[in-house]
S.K.: 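Okay, here's the structure, questions in a sec.
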Amino acid sequence: MPELPEIETFRRYLDHTSLRQKIRDVAVTRERILKGVSLRQLAGALKNHSFRKTERHGKYLAVDVGDGKQMVLHFGMTGCLHYVDPDDPDSRYARMIVTFDNGHRLDYDNKRMLGRVRLVDDFDDLIDELELGPDALEIGADAFDERLRSHGGAIKSTLMNQSLVAGLGNTYTDEILFQARIHPATPVDALNPADRKRIYRMMRKVLRKAIDVQGEPDRMPRSYLLPHRSDGAACPRGNGTVHRSRVAGRSAYYCPACQPRAGRKR
DNA sequence: ACCTATGTTATCGC
DNA sequence: GGCGATAACATAGG
């Protein structure tokens, strides 16, 4: 499930479970997950070191491992972290296993192998290299408006563009547009300033609430779209049914009654 | 067998 | 340079 709120949840989980413990060993079960770093280099940077602090930008999680090195985790569509007891088996899709001196392990899971593990000297340089925009919870209203106006295309694909703001994915853009009552296919240049401001406000509200419930859609308020995000489900506002369509190659769920196709003249 | 799935990246054509 | 469409990556579930 990893979009910004889930990554933030992983970050806090890592902080609570794994910080400041001496690392005894690092194992990688599928080397494909390593990007720009060898297992030998990664193990060299981690062994006998510890995780000192964490930082998140969009969907990327950086872990300070000391000596000026940062391990950067990306989770793809199916990644997560598990802290397991010495007696417990590793989770089934553990691709990297960090063992601490106390015998506990932190598993980096990635079922579909779409996530990557990096080792960098400077997280900010990586953010530049990946052309990530400001984090979706850090950007201010004016900067958001300015960046949004400078893009074209459908609002849903623009919000998912990590170079505009970093952190939004397919499900939370649906929720934000539902809350803002804007059709996902609306061209950005058809939005007026009030629409853009509403999107900004709803973006913050939705992301904060999702972090509160640790990214579990079923714990989102029943009045939100996410617990009802399936084709034919009843709109939580009682306005009709949830529809699915295809926007920029991804499924978009929305309520046509609440989110009418908007023109310039609304 | 077919379609779908929370992400990113590359390619092609306009 | 930007945009949409498409496929690819790898794996599972309906």
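Heavy-atom basis, side chains included; hydrogens, waters and symmetry copies ignored. Since this is a predicted model, take the numbers as computed values, not measurements. In what follows, chains carry the letters A, B, and so on, assigned in the order in which the sequence lines appear, proteins first and then strands, with residues in each chain numbered from 1.
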S.K.: Does C:dA12 have OP1 or OP2 under 4.0 Å away from a side-chain N or O of A:Tyr93?
M.R.: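 Affirmative; the distance criterion is met.
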S.K.: Between A:Lys35 (NZ) and B:dT9 (P), how many Å, whole number?
M.R.: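 Those two atoms, NZ and P, are 7 Å apart.
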S.K.: For A:Arg250 and B:dG7, is the shortest distance between a side-chain N/O and OP1 or OP2 below 4.0 Å?
M.R.: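 Answer yes for this pair, as a side-chain N or O of A:Arg250 is under 4.0 Å from OP1 or OP2.
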S.K.: Could you walk me through whether A:His49 and A:Met71 pass the side-chain contact (heavy atoms from CB on, under 4.5 Å) test, one step at a time?
M.R.: CA-CA 12 Å; A:His49 288 231; A:Met71 179 178 72; over 6 Å; no
S.K.: Could you please name the option among C:dT11, C:dA12, C:dC9 that lies closest to any side-chain atom of A:Leu114?
M.R.: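 Of C:dT11, C:dA12, C:dC9, C:dC9 is nearest to the side chain of A:Leu114.
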S.K.: Would you classify A:Phe75 as touching base, sugar-phosphate or nothing, given that sugar-phosphate means primed atoms plus P, OP1 and OP2, and contacts are heavy atoms under 4.0 Å?
M.R.: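 If one applies the 4.0 Å heavy-atom cut-off, A:Phe75 turns out to touch nothing in the nucleic acid.
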S.K.: Is the ring pair A:Tyr254/A:His243 parallel, tilted or perpendicular, if the boundaries are 30 and 60 degrees?
M.R.: tilted
S.K.: Closest-nucleotide mapping onto DNA chain C: is A:Gly152 or A:Lys111 further toward the 5' terminus? I mean the 5' end.
M.R.: A:Gly152
S.K.: Give a yes/no verdict on a cation-pi contact between A:Arg56 and A:Phe10, requiring under 6.0 Å between NZ or CZ and the six-membered ring centre and an angle within 45° of the axis.
M.R.: no
S.K.: Over how many whole Å does the gap from A:Tyr253 atom OH to B:dT4 atom C1' extend?
M.R.: 8 Å
S.K.: B:dA5, C:dG4, C:dT11: which one has an atom nearest the side-chain heavy atoms of A:Ala154?
M.R.: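 For the A:Ala154 side chain, the nearest candidate turns out to be C:dG4.
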S.K.: Determine which nucleotide pairs with B:dT9, using a 3.5 Å limit on both distances of a Watson-Crick or G-U wobble pair.
M.R.: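 Answer to the pairing question: C:dA7, which forms a Watson-Crick or G-U pair with B:dT9.
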S.K.: Using the side chain to side chain contact (heavy atoms under 4.5 Å, CB included) rule, pick out the option among A:Arg198, A:Arg196, A:Lys156 that qualifies with A:Ile182.
M.R.: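 Of A:Arg198, A:Arg196, A:Lys156, side chain to side chain contact (heavy atoms under 4.5 Å, CB included) with A:Ile182 is met by A:Arg198 alone.
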S.K.: A:His74 side chain: which of B:dT8, C:dC9, C:dT11 is closest?
M.R.: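 The listed nucleotide nearest to A:His74's side chain is B:dT8.
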S.K.: Rounded to whole angstrom units, what separation is found between the CG atom of A:Leu73 and the C1' atom of B:dG7?
M.R.: 15 Å
S.K.: Is A:Tyr172 close enough to B:dG7 that one of its side-chain N or O atoms is under 4.0 Å from OP1 or OP2 there?
M.R.: no
S.K.: Tell me the interatomic distance from A:Leu168, atom CG, to B:dT8, atom P, rounded to whole angstroms.
M.R.: 10 Å
S.K.: Separation of A:His57 atom NE2 from B:dT8 atom P, in whole Å?
M.R.: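 Going from NE2 in A:His57 over to P in B:dT8 covers 12 Å.
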S.K.: From B:dT8, B:dT4, C:dT11, pick the nucleotide closest to the side chain of A:Ser251?
M.R.: B:dT4
S.K.: Are A:Arg246 and C:dG4 close enough that a side-chain N or O sits under 4.0 Å from OP1 or OP2?
M.R.: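 No.
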S.K.: Which part of the nucleic acid, if any, lies within reach of A:Arg116 when heavy atoms closer than 4.0 Å are counted: base, sugar-phosphate only, or nothing?
M.R.: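 A:Arg116: no heavy atom of the nucleic acid under 4.0 Å.
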S.K.: Take atom CG of A:Asn161 and atom P of C:dG1, then tell me their distance rounded to the nearest Å.
M.R.: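 My rounded result for the distance is 15 Å.
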S.K.: For A:Asn170 and B:dA5, give me the distance from atom CG to atom P, rounded to whole Å.
M.R.: 8 Å
S.K.: Relative to each other, are the rings of A:Phe51 and A:Phe100 parallel, tilted or perpendicular (30° and 60° limits)?
M.R.: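 If you compare the ring of A:Phe51 with that of A:Phe100, the planes turn out perpendicular.
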S.K.: Of the options B:dT9, B:dT4, C:dT11, whose atoms approach the side-chain atoms of A:Leu130 most closely?
M.R.: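 Between B:dT9, B:dT4, C:dT11, the one nearest the side chain of A:Leu130 would be B:dT9.
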S.K.: Has A:Arg112 got a side-chain N or O lying under 4.0 Å from the OP1 or OP2 atom of C:dA12?
M.R.: no
S.K.: Please pick, from B:dG7, C:dC3, C:dA12, the nucleotide with the shortest atom-to-atom distance to any side-chain atom of A:Lys59.
M.R.: B:dG7
S.K.: Could you state the CE-C1' distance from A:Met113 to C:dA8, rounded to the nearest angstrom?
M.R.: 14 Å
S.K.: So A:Leu148 and A:Tyr200, side-chain contact (heavy atoms from CB on, under 4.5 Å) or not? Walk me through it.
M.R.: CA-CA 10 Å; A:Leu148 188 52; A:Tyr200 177 76; over 6 Å; no
